[in-house]
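These figures come from a predicted structure and were not determined experimentally. Numbering of residues begins at 1 and proceeds along the displayed sequence.
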Amino acid sequence: MSDAVLTSAEDGVLVITLNRPEARNAANKALAEGIAAAVDELESNDDLRVGILTGAGGTFCSGMDLKAFVSGETPSIEGRGFAGLTEYMVAKPMIAAVEGYALAGGFELAISCDLIVAADDSKFGIPEVKRGLAAAAGGLVKLPKQIPSRIAMELALTGDFISAERAADLGLINQVVPSGTALDAAKALAAKIAANGPMAVAASKQVVASAQDWTSDIMFKNQNDIVMPVFTSEDANEAATAFAEKSAPNRQGTKDEQTSLKLG
């Protein structure tokens, strides 16, 4: 894995750190490859339950490395999108821990995660139009699904930034925390998720992420196709037994069961 991205694992949580602080963690090819490799590690390791994406040096990500772009380098991965993530749905939950700026592609990375924890002085925006570009890494198509469409339109056309407080008011981020504590808060949130049944978490994530595209006549069928394997899993049996015995369940989610869920 490139030095542009660092990883550390503890208690079932993989922290993925964008490590180009000298460039405000702007995405180049090496960073994109590093994120893609880290996501592969998260998905392939059964001991890892949750991923956290954060940035070194007090900035989340300032977007695409324009110097690299001008020289002909594209910070995208085939089948994964910008920075190796924006066009890919990670099977396990991802939390963005944002300090400083999450702008352009950096904003699009953040909204590609399932949850966002942000410092109270952080800023968000898709200012591509100010540079004669367009927010084509997800800002134009994902943002209208996450906040009111007219606000998404305003951000896309003006390129203006919004504060963490404003983003929280719009329902875009989950928690606003004091500056310098976003990663700690994200770890606390990840710990709550990691304590739950991995199959149940994965199925719940998949349904919530997909449900807004389902019509009412198919939503329960589609949901049941995804969640029914959970009810026959070893985790469900263990949880029911533990509840009856008033003990803590040992939730594992076997590889075969997780593969079945993913294929389902």
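- Using a 4.5 Å cut-off on side-chain heavy atoms (C-beta onward), L66 and R131 make contact.
- Across all non-hydrogen atoms, the minimal contact from L115 to N174 is CA-OD1, 3.3 Å.
- Looking only at distances, no side-chain donor or acceptor of D11 sits under 3.5 Å from a matching main-chain atom of A191.
- For the atom pair E87 CD and S76 OG, the distance stands at 7.0 Å (nearest 0.5 Å).
- Side-chain contact between V176 and E165 is absent, with no heavy-atom pair separated by less than 4.5 Å.
- What you find for P127 and A104 is that their closest heavy atoms are CD-N, 3.5 Å.
- Checked by atom type and distance alone, the side chain of S210 never pairs as donor or acceptor with a backbone atom of V207 at under 3.5 Å.
- When all heavy atoms of T86 and A137 are compared, the pair lying nearest together is CB-O, 3.2 Å.
- Here the side chain of N25 pairs a donor or acceptor atom with the backbone of A56 at under 3.5 angstrom.
- The shortest heavy-atom contact between E43 and K92 is O-NZ, 3.9 Å.
- At distances below 3.5 Å, at least one donor-acceptor pair connects side-chain atoms of E99 with backbone N or O atoms of T181.
- Taken together through direct or relayed side-chain contacts under 4.5 Å among Ile, Leu, Val, Met, Phe, Trp and Tyr, L53 and Y101 form parts of separate hydrophobic clusters.
- Remark: R20 engages D65 in a salt bridge, criterion side-chain N to carboxylate O under 4.0 Å.
- If you take CD1 on I226 and NZ on K221, they are separated by 10.0 Å, rounding to the nearest 0.5 Å.
- At least one side-chain heavy atom of V39 sits less than 4.5 Å from a side-chain heavy atom of L85.
- Crowding of Q212 atom CD: a count of heavy atoms from other residues, nucleotides or ligands under 6.0 Å exceeding 12.
- Between P93 and D114 there is a side-chain heavy-atom pair separated by less than 4.5 Å.
- At a threshold of 4.5 Å between non-hydrogen side-chain atoms, the residues N28 and F69 do not count as touching.
- Checking side-chain atoms of S204 against main-chain N and O of A200 turns up a donor-acceptor pair under 3.5 Å.
- Taking a 6.0 Å sphere around CD of E78, one finds it holds 12 or fewer heavy atoms contributed by other residues, nucleotides or ligands.
- Ion pairing between D40 and R80 holds under the 4.0 Å rule for side-chain N and carboxylate O.
- At a cut-off of 3.5 Å, with distance as the only test, a side-chain donor of K142 or S112 sits close to an acceptor on the other residue.
- Residues N19 and T17 have side chains that never bring a donor and an acceptor to within less than 3.5 angstrom of each other.
- Transitive grouping of hydrophobic side chains (ILVMFWY, heavy atoms separated by less than 4.5 Å) brings I16 and V90 into a common cluster.
- For the pair F124 and I173, the tightest heavy-atom approach, listed with the atom from each and the gap, is CZ-CG2, 4.2 Å.
- Both I218 and V227 are members of a single hydrophobic cluster when ILVMFWY side chains are connected at heavy-atom separations under 4.5 Å.
- Under the 4.5 Å side-chain criterion, counting only non-hydrogen atoms from C-beta, L14 is not in contact with I52.
- With hydrophobic clusters built from ILVMFWY side chains whose heavy atoms lie under 4.5 angstrom apart, L103 does not share a cluster with L143.
- Checked by atom type and distance alone, the side chain of N45 never pairs as donor or acceptor with a backbone atom of E41 at under 3.5 Å.
- Looking at D121 and S179, their side chains do bring a donor and an acceptor atom within 3.5 Å of each other.
- Look at K130 and D160 and you find a salt bridge, because one of the NZ, NE, NH1 or NH2 atoms lies within 4.0 Å of a carboxylate O, short of that distance.
- Atom CE of M153 sits in a sparse spot, with 12 or fewer heavy atoms from other residues, nucleotides or ligands closer than 6.0 Å.
- Counting all heavy atoms, side chain and backbone alike, G139 lies closest to E108 at N-OE2, 2.8 Å.
- Hydrophobic clustering places I162 together with I116 (ILVMFWY residues linked when any side-chain heavy atoms are closer than 4.5 Å, directly or through intermediates).
- Looking at L48 and V13, their side chains never come closer than 4.5 Å, going by heavy atoms from C-beta outward.
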